[in-house]
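Right, one structure below, let's go through it.
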Amino acid sequence: MMNHGGDGPAATNLRRDPFKTSVGKGAGQRRRQAAITIGKDRRDSVVRAKRLRRADPADHGDGDAMQLAAVAADDDVAYKLLEDSTAAAVLNLKNIGKKATPKKVEALQTLRRLLSCSAYPPVHVAVQAGVVPLLVDCLGFGASEDQLFEAAWCLTNIASGDPEQTRAVEPALPLLILHLGEKNPARVVEQCAWALGNVAGEAEDLRDWLLRQGALSALARNLSSPIITLVRTAAWALSNLIKGPNSRAATELMKMDGIVDTLVRLVSNGDDELVVEVAWVLVYVTSMSDLHSSQLIHAGLLPPLVARLAVSHHQPLLTPVLRTIGNIVASDNSKCDAVLAAGQSLPGGINGALARILETEHRTLQKEAAWVVSNLAAGSILHKRAVFNGGAVSPLLYLLATSTFDVRKEAAYALGNLCVAPRDQGEEGKPILEHLNVLVDRGCLMGFIALVKSPDLESARLGLQFLELVMRALPDGKGPKLVEKLDGIAAMEELQFHANEELRIMSNMLIDQYFGEDYGLEEEFVSGDARTQYGPEYPPWRRGGLAA
């Protein structure tokens, strides 16, 4: 069992990611490592990290450039023309010089359209042609609003490219941060925040650089803007800036005056699109520290957050809301109490809301909801009973039997945690027979046996732990008979020579303990000659667990 005690940085790192409770003897572990890790969020990070700003529908200027960009993705010749036009636009901007004139704005607009009208803009051509120093010059103080806006838009789309292109905009970052000030026009501030968000989404070293240069406080201030699109973009950029497994930015953010109340207010009053971005900020701050979760709970976050969970059908919103709630309940029992209390005014409470999401057809939401349930089910006996009676059991059983592997694994953790008593005077691992009998009678054992056969080590271990619980806990020798009937012995035999020592030892131990030489002898003597059932020799599992 992993030790979560101690002081200092090492202890902080251990508590940084929630651990899911394991079934059986590991039922005291309350954090699940995959809650907020680079690996688990990889696909979401790719989708969310960078955003190309496309041309506005109302922008009809420079029709030739827009029409060329629109067809370039499907036509090699057209794309070559698009590249040539981009190089020419950069050269034109260079020839205009540093003096701010209407012609410079027009040149920036032409370049911006070429970099925004195509799904695959020729960013590489613009960078190779030397556009970044020109755009940096365009961000100088004293430039017109239009010039600042167009230059920031160009930099935004350059930063949405591959890593090399994103890093190419580094010379512009100090000016982009300075233009986040409240004295600048809102559309300029929003576009600079968009560009910085793309940069922050690229790599940890860039996030660290932005943090040192004051981007965090500058972005956070804009969460209080009356311009809703600016608030939305600032929140998205903040979520990129504070993400990561070792982000000190999340801690710095939560120290800012008024930020907790601001986040709660935005969740309470914002539209769905805004709450999506704010909820991702909450995902990262709640994954970093129990203190952050406590601050947010004290400020009143849970009622509006749980309400969103209960009524929304918007997958981009539900995903970060589920992760935030999962991070909170992965902490301690008091926070589980707070989450359950926050849902009392809702029909069916939070367990009813989670059951509704488990019954959707969206795999990601099923997985996230099952993870939240597993953390609630890892709490006190009252939490386990609330989950068991709250409507989630039926959809969890269905998912365990029918869903994709990753969802089945999450459902198995939730169901397993319902069957194991919490740590109580050293009795951790004691079965809750009332729950275990119901789940076994409803057919869950087959799903856990399937996990035993899984190549995933964690899943195989989980399956073995549940089989051990069933064989140990069910009365009158019912457990081993059920395992045998469902081919659980064969599943365990497959692990007897496994490369993983823990699985190998555990499977052999269970076979020896529950299916040793004396297993079934009473029944065989009653029925007569044992050889009529097994042949002249005991089957392989009766020879000390060694397969033939």
Side-chain angles (χ1 to χ4, degrees), residues 1-2 17-35 39-40 326 330 366-378 384 387 392-393 396-422 428-432 435-436 439-440 442-474 479 482-483 486-496 498-511 514:
M1 181 180 296
M2 182 168 290
D17 298 325
F19 279 86
K20 165 132 22 127
T21 300
S22 298
V23 174
K25 295 182 179 179
Q29 293 179 344
R30 299 303 313 279
R31 292 224 173 231
R32 184 176 186 272
Q33 191 172 11
K40 185 174 186 295
Q366 292 171 343
K367 181 179 177 181
E368 298 290 346
W371 173 63
V372 176
V373 173
S374 75
N375 279 332
L376 283 170
K384 294 173 187 288
V387 172
V393 168
L396 286 171
L397 287 168
Y398 179 77
L399 293 175
L400 178 65
T402 64
S403 191
T404 56
F405 172 74
D406 56 342
V407 178
R408 287 192 288 116
K409 180 177 175 180
E410 298 295 341
Y413 266 115
L415 293 168
N417 288 340
L418 287 173
C419 298
V420 182
E428 182 183 5
K430 183 178 179 180
I432 303 176
H435 294 176
L436 184 62
L439 296 183
V440 171
R442 295 182 65 178
C444 78
L445 193 54
M446 226 17 222
F448 283 96
I449 290 174
L451 290 182
V452 174
K453 301 176 182 179
S454 164
D456 179 69
L457 298 181
E458 182 184 355
S459 299
R461 185 184 304 111
L462 170 61
L464 286 174
Q465 289 174 328
F466 192 83
L467 263 59
E468 188 276 336
L469 186 69
V470 168
M471 293 187 289
R472 167 167 53 94
L474 295 188
L482 282 174
V483 171
L486 298 175
D487 291 329
I489 298 173
M492 289 187 287
E493 285 180 334
E494 292 182 14
L495 300 178
Q496 287 184 300
H498 199 280
N500 181 270
E501 183 180 13
E502 181 184 1
L503 294 180
R504 187 171 66 249
I505 292 174
M506 190 174 183
S507 60
N508 278 290
M509 179 193 71
L510 292 178
I511 291 173
Y514 293 102

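FYI, the numbering just counts along the sequence from 1.
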Residue pair I449 / D487, side-chain heavy-atom distance below 4.5 Å: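 Side-chain contact under 4.5 Å: no.
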
Check: R472 and Y514 side chains under 4.5 Å, non-hydrogen atoms: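 They are in contact (side-chain heavy atoms under 4.5 Å apart), so the answer is yes.
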
Which heavy atom of [X] sits nearest to which heavy atom of [Y], and what is that distance?
X    : Y    : value
F466 : C419 : CE1-SG, 4.2 Å
A414 : L396 : CB-CD1, 3.8 Å
L400 : L415 : CD2-CD1, 3.8 Å
A412 : L451 : CB-CD1, 3.4 Å
R504 : A499 : NH1-O, 3.6 Å
N375 : G326 : ND2-O, 3.4 Å

Could you state the interatomic distance from [atom1] ([X]) to [atom2] ([Y]), rounded to the nearest 0.5 Å?
X    : Y    : atom1 : atom2 : value
H435 : K384 : NE2   : NZ    : 9.0 Å
S507 : M509 : OG    : CE    : 9.0 Å
E410 : T404 : CD    : OG1   : 10.0 Å
N508 : H498 : CG    : NE2   : 12.5 Å

Intermediate values then yes/no, side chain to side chain contact (heavy atoms under 4.5 Å, CB included), M506 and M492: CA-CA 9 Å; M506 190 174 183; M492 289 187 287; over 6 Å; no

Identified side chain to side chain contact (heavy atoms under 4.5 Å, CB included) partner of L467 from the options L462, I489, V452: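 The single option meeting the side chain to side chain contact (heavy atoms under 4.5 Å, CB included) with L467 is V452.
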
Short side-chain to backbone donor-acceptor contact, D456 and S459, under 3.5 Å: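 Yes; judged by distance alone, with no hydrogens or angles, the pair exists.
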
Heavy-atom donor-acceptor pair, N417 side chain to A377 backbone, under 3.5 Å: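 Side chain of N417 to backbone of A377: no pair is present.
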
Test log, rule side chain to side chain contact (heavy atoms under 4.5 Å, CB included), inputs V393 and L418: CA-CA 9 Å; V393 168; L418 287 173; 4.1 Å; yes

Chi angles and distances behind the side-chain hydrogen bond (donor to acceptor under 3.5 Å, both in side chains) call for Q366, Y398: CA-CA 11 Å; Q366 292 171 343; Y398 179 77; over 6 Å; no

